[in-house]
Amino acid sequence: LGTAGAAGAAGAAGLIAGGAAGAGVAAAVDAEPTALATVGSAHIPFEGARQAGIVQPAQARGHLVAFDLVAGADRKAAAGLMRRWSDAVRTMTAADRPAAPAAYDDQVAYDAGPSSLTVTFGFGRSFFGRTGLGAALPEALAPLPDFPGDRLDAGRSNGDLWVQVGADDALVAFHALRVLQKVARDTASLRWQMSGFNRTPGATPHPMTGRNLMGQIDGTNNPKPADPDFERRIFVPAKGSPEWMAGGSYAVVRRIRMLLDDWDHLPVARQEKVIGRRKSDGAPLSGGTEFTPVDLGKVHADGSLAIAGDAHIRVAAAASNEGAAMLRRAFSYHDGIGADGTPDAGLLFVAWQADPLKGFVPVQRKLDGGDGLSRFLRHESSGLFAVPGGAGKGEYVGQRLLE
Ligand code: HEM
């Protein structure tokens, strides 16, 4: 599930600022720019009304990580951590590298520009109890229901704090993650980590929607920032509840294993029926090209539905779910071969919405059981996080909750 529009479309909707990279790459920039220099110099500002890493195209590399506060770490300790994390990310995402690396900087990414690095922070339900902030717990952080098809590993689910790192360079992404871990020492320890990837910008002749590991073009019918109701559906409004979540969003994170050996045995025509779109170009089976609106009512001359009753796009569609909408922004993962000898691979599914009870929950209820695709998937871990609005100049993420 790529993001709205084309993965890697640097500059899409003016969200990514290209610019001078750090001093170390200036010499290369003098020459005719190469694709590589362009990837390194793209930078996404850390400060803003919303956190970065939600509406921008998903980067080529991603790490999803959860931390738990260590015993005894209270609200003040958590505020200190969010301050240190925010300052570190401000430095790492800047267009210009500081004159001297910070003490915690291992210099793994020393030669690279920011490479579209984003770091997004969220709070899990357990965070509020541990910090004595129960009164500020958003209703929307109610635990997700148990879905009958779930096969969840509690050790790789939930967590006090959630961090999403994305960058178009693997070393830049690793470096950001290490810095965050080092800065967290004594306050929070790592609970789980998942690493993923997407297509690298520049790998295709022109920017286009990405593909997942089943081979499908994925992300076509995502809400687009230009949609009139985009803001309302994806972000908590300025006067929303609780107030500290204004400009924020809720992230549902699911590690979804793809049963690829079973899937790959299906003839392409059957695979297309399961999704409701053509594999080659993502066009809906009701006709047209990738972005032609889906016609769920279309029937063939023999009376059969063009888009099958259990096709993924029919069951998941907003039209089938009272307008439920979410922005899917995922990374693929591949962690080698599982105990059963099949690829341990699939999707690190991240869905963004203003209210999970009007986004992920009703859609997953329908999908779990009614979706032809569910026979080829296994939900192995789950998390729900409140992702506050972005930090202004000199602020840290979550300041309105923690100060
Ligand atoms: C659409 C694949 C899981 C919600 C799609 C499409 C593909 C796809 C190929 C069509 C292209 C597009 O519009 O993006 C997958 C795969 C999954 C997965 C491989 C798991 C590994 C989920 C889950 C949800 C979801 C868990 C939500 C609970 C949607 C929605 C659409 C969609 C809302 C757009 C439907 C429409 O309005 O046309 N998915 N999906 N998907 N999927 Fe999934």
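Both ligands and their constituent atoms are indexed starting at 1 by order of listing.
For ligand 1, the atoms sitting less than 4.0 Å from at least one non-hydrogen atom of L377 are 20 (C), 21 (C), numbered in the order shown with element in parentheses. Less than 4.0 angstrom separates some heavy atom of L367 from each of these atoms of ligand 1: 23 (C), 24 (C), 25 (C), 27 (C), 28 (C). Of all atoms in ligand 1, numbered sequentially from 1 with element shown, those under 4.0 Å from a heavy atom of I217 are 9 (C), 11 (C). Short contacts between ligand 1 and F360, defined as distances under 4.0 Å to a heavy atom of the residue, involve ligand atoms 28 (C). Every atom of ligand 1 with a heavy atom of V363 under 4.0 Å away is listed here by number and element: 27 (C), 28 (C). Residue Q364 has at least one heavy-atom neighbour below 4.0 Å for each of these atoms of ligand 1: 26 (C), 28 (C). Every atom of ligand 1 with a heavy atom of M258 under 4.0 Å away is listed here by number and element: 19 (C), 21 (C). Shown in contact with R277 at under 4.0 Å from a heavy atom are these atoms of ligand 1, numbered in order with element: 10 (C), 11 (C).
A salt bridge links R328 to D218: one of the charged nitrogens lies within less than 4.0 Å of a carboxylate oxygen. Using a cutoff of 4.0 Å between basic side-chain nitrogens and carboxylate oxygens, R314 and D371 are not scored as salt-bridged. Classification of D344 and R255 as a salt-bridged pair holds, one side-chain N sitting under 4.0 Å from a carboxylate O. The pair E395-R90 does not meet the salt-bridge criterion, since no charged nitrogen lies less than 4.0 angstrom from a carboxylate oxygen.
Pairing each heavy atom of A66 with each of G159, the nearest pair is CB-CA, 4.4 Å. Nearest heavy-atom pair across Q107 and D105 is N-OD1, 2.8 Å.
Heavy atoms of R328 come nearer than 4.0 angstrom to ligand 1 in at least one pair. Residue contacts with ligand 1 leave out T209, since none of its heavy atoms falls under 4.0 Å from the ligand. Assignment of G346 to the shell around ligand 1 is not supported, since no heavy atom sits closer than 4.0 Å.
Heavy atoms of D218 found under 4.0 angstrom from ligand 1 belong to the backbone as well as the side chain. When heavy-atom distances to ligand 1 are checked against a 4.0 Å cut-off, N222 has no atom that comes that close, whether in backbone or side chain. When non-hydrogen atoms are compared, ligand 1 lies under 4.0 Å from the side chain of H312 (C-beta onward) but not from its backbone. Counting heavy atoms under 4.0 Å from ligand 1, residue L347 touches it through the side chain alone.
Using a 30° and 60° split on the angle between ring planes, W244 and F123 fall in the perpendicular class, above 60°. Ring pair F360/F349 is tilted by interplanar angle, where 30° to 60° counts as tilted.
For the pair G219 and ligand 1, the shortest N or O to N or O distance falls below 3.5 Å. Every N/O-N/O distance between N212 and ligand 1 stays at or above 3.5 Å. Some N or O of T220 is nearer than 3.5 Å to an N or O of ligand 1, by distance alone.
Counting only heavy atoms from C-beta outward, the side chains of V119 and L117 approach each other to under 4.5 Å.
Which of L373, V294, I313 comes nearest to atom 10 (C) of ligand 1 through a heavy atom is settled by distance: it is I313.
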### ring-ring contact (aromatic ring centres under 6.0 Å, His included) evaluation trace for F121 with W85
CA-CA 9 Å; F121 298 107; W85 268 355; 5.2 Å; yes
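To the nearest 0.5 Å, the span separating CD on Q56 from OG on S116 amounts to 8.5 Å.
Among the candidates T200, T118, N198, the single residue satisfying the side-chain hydrogen bond (donor to acceptor under 3.5 Å, both in side chains) test with Q59 is T118.
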